[in-house]
**Q** 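Once you've had a glance at the structure underneath, I'll fire off some questions.
Sequence lines set the chain letters: A, B, ... in the order given, protein chains first and strands last, and positions in each chain run from 1. Predicted, not measured: the structure shown is a model, and the values here were computed from it.
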2 protein chains.
Amino acid sequence: MPPTEPPALRADARRNRARILRAAAEVFAEHGAAASTEEVAIRAGVAAGTVFRHFPTKKDLLQAIIKDLLESLTAEVDTLAAEGDPATALFTFFGRMVEQAVEKKTVADLLAADTGVDIQVAGPVQSLQTAIETLLTGAQRAGAVRDDVRLDEVMALLTGACQGALHAGWPPDLQKRTLTIIFNGLRP
Amino acid sequence: MPPTEPPALRADARRNRARILRAAAEVFAEHGAAASTEEVAIRAGVAAGTVFRHFPTKKDLLQAIIKDLLESLTAEVDTLAAEGDPATALFTFFGRMVEQAVEKKTVADLLAADTGVDIQVAGPVQSLQTAIETLLTGAQRAGAVRDDVRLDEVMALLTGACQGALHAGWPPDLQKRTLTIIFNGLRP
DNA sequence: GAACATAATGAGTGGCCACTCATCTTGTCA
DNA sequence: TGACAAGATGAGTGGCCACTCATTATGTTC
């Protein structure tokens, strides 16, 4: 059996935990992983100690946020894979991802391995990758992407575009034009 | 007249200044802009105070390094423009730049505007851009790049590739394959 | 080679930030 | 409703780091 379920949280604890997660998502999105835990506590309307009671380490907090983010991205990919046109779904996702990167510094920190992509988030990362792989093979079957393009190249282009867009602050139309070039490179 | 030339440095001061610049280039290349000034001082074999005598602010030191880097990159572009095949010079430079980014975190910090691309380095940045523009128009005249590709798109792809390569630590063959896709996207 | 300006030194200083803990508060449950 | 465990609080603590300054050393000049 799993090593004994932890006892249920008290009502106020559950409420505060949720507040902290919401606040942290906002703060890290705005200021990146460099934002202070104090800032998160303030935004959550909670004392600093409370944050550390729920997340013993800043890294734990960051990884909780990143895990959520990964899961929502994976969900988005799954939706696209199920409902979208296979010939364009991959490209649509690229656009969405770059948009997100510009508005959420968390995305960049997630992609920049140094912040600590640890065993804790390895699973979600894997899920996202396989979801994207589905998009890729779908696009290839539809003849929208060259057959010799591999997943790691797609991931590389994706991280490059996100990092570039965030750090250099690409305006929307530059995002579009740049992605168009990349898409051209992917097409047969 | 320019507001009075500062008096010549003493011999030891000149020597130490050079040492500090060399040490800083190494340290920032290895650890990025986050490296401490203390570390630079140690590597230069000099007391911390001496570093601050020559560069009153850490930012000043960083910008001096970045300025050097920009100038050497510009020189490299100029050489390529003068000697290389216009049809491939732009692509060659892309490869060189990404290589550099992987081995020098300074490059990434330079491209990540937040570290402080200030008026101080605006000139060198401009020079590099115009040099790259020469490469671009050369490649377009040679029919190697589509005519509707603009400089800002090339810069965006370049920063994206560098950021991605550094942060995700692309191995050399992934660098090559990814750049190939980008080059495909640029071709007519 | 003495006098003096210029430079080097390194032990502070202050600020920021992750993290702790003794104390007080509050939800829970009999 | 009272007792108690679980939780919240916020003033520390320690470590790191940019930057300072009184003191000491060294190049330069006549």
**Q** Mind checking side chain to side chain donor-acceptor pair (under 3.5 Å) for B:Asp152 and listing every partner two or more places apart, or none if nothing turns up?
**A** A:Arg177

**Q** Holding to salt bridge (Lys or Arg N to Asp or Glu O under 4.0 Å), I want the full list of residues that pass it with B:Asp60, two or more places apart in sequence or in another chain.
**A** none

**Q** For C:dA8, does either OP1 or OP2 sit under 4.0 Å from a side-chain N or O belonging to B:His54?
**A** yes

**Q** For the side chain of B:Arg53, starting at C-beta, report the closest nucleotide among C:dT9, C:dA8, D:dG10.
**A** C:dA8

**Q** Dot-bracket for DNA chain C, 5' to 3', with Watson-Crick and G-U pairs under 3.5 Å, [ ] for crossing pairs and | for other-strand pairs: what is it?
**A** ||||||||||||||||||||||||||||||

**Q** Can you check whether A:Asn16 has a side-chain N or O nearer than 4.0 Å to OP1 or OP2 of D:dG7?
**A** no

**Q** Side chain to side chain donor-acceptor pair (under 3.5 Å) with B:Arg96: which residues, sequence neighbours excluded?
**A** B:Glu76, B:Glu99

**Q** Going by ring pair (Phe, Tyr, Trp, His ring centres under 6.0 Å), name the residues that satisfy it together with B:Phe52, two or more places apart in sequence or in a different chain.
**A** none

**Q** Listed by chain and number, what are the side chain to side chain contact (heavy atoms under 4.5 Å, CB included) partners of B:Ala165, not counting sequence neighbours?
**A** B:Val98, B:Val102, B:Trp170

**Q** Along nucleotides 14-26 of chain C, 5' to 3', which nucleotides get a B, which get an S, and which get a -, given that the test is a protein heavy-atom distance under 4.0 Å?
**A** ---SSBB-----B

**Q** Looking at residues at least two apart in the chain, or sitting in another chain, which of them share a ring pair (Phe, Tyr, Trp, His ring centres under 6.0 Å) with B:Phe94?
**A** B:Phe183

**Q** Under the rule for side chain to side chain contact (heavy atoms under 4.5 Å, CB included), what residues qualify as partners of A:Ala48, not counting sequence neighbours?
**A** A:Glu38

